[in-house]
Q: 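The structure follows.
In this chain, residues are counted from 1 in sequence order. Quick caveat, the model's predicted, so the values are computed rather than measured. Computation of the quantities below employed the complete heavy-atom set of this structure, encompassing side-chain atoms and omitting hydrogens, waters and symmetry-equivalent molecules.
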Amino acid sequence: MEKQIFVGWGTLALINAGLAQGKNRSGLNWFLISLFLGPLATFLLLLQEKLPE
């Protein structure tokens, strides 16, 4: 069971990194933030608007 949690948490962090890059934000920074905040980071990313290029 514990391995599944780590795999899910890591997958969510990768998804958040891709979502952040789609909004012209740093994927690496959001990946690291997501490792600590998990689903809360996803929610914060969804609330943010896309930055101009």
Q: Cluster partners of Phe43, using ILVMFWY side-chain heavy atoms under 4.5 angstrom, listed by chain and number?
A: Leu47
Q: What distance separates Leu37 CG from Leu45 CG, expressed to the nearest 0.5 Å?
A: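 Reported to 0.5 Å precision, the distance equals 10.0 Å.
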Q: Enumerate, atom names and distances included, each donor-acceptor pair closer than 3.5 Å involving a side-chain atom of residues 1-14, sequence neighbours excluded.
A:
{"unit_1": "Trp9", "atom_1": "NE1", "unit_2": "Ser34", "atom_2": "O", "d": "3.4"}
{"unit_1": "Trp9", "atom_1": "NE1", "unit_2": "Leu35", "atom_2": "O", "d": "2.8"}
{"unit_1": "Thr11", "atom_1": "OG1", "unit_2": "Val7", "atom_2": "O", "d": "2.8"}

Q: Can you sort out the partners of Gln48 under side-chain hydrogen bond (donor to acceptor under 3.5 Å, both in side chains), two or more places apart, ordered by chain and number?
A: Arg25
Q: Minimum heavy-atom separation for Phe31 and Ala17, please, with both atom names.
A: CB-CB, 4.0 Å
Q: Quick one: pull up CG in Leu44 and CD1 in Ile33 and give me the separation to the nearest 0.5 Å.
A: 8.5 Å
Q: What heavy-atom pair brings Gly38 and Asn16 nearest, and what distance separates the two atoms?
A: O-ND2, 3.8 Å
Q: Go through the structure and list residues passing side-chain contact (heavy atoms from CB on, under 4.5 Å) with Asn24, not counting sequence neighbours.
A: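 Expected list: Lys50, Leu51, Glu53.
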Q: Using the test side-chain contact (heavy atoms from CB on, under 4.5 Å), find all partners of Leu46 that sit at least two apart in sequence or belong to another chain.
A: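 side-chain contact (heavy atoms from CB on, under 4.5 Å) list for Leu46, sorted by chain: Leu19, Thr42.
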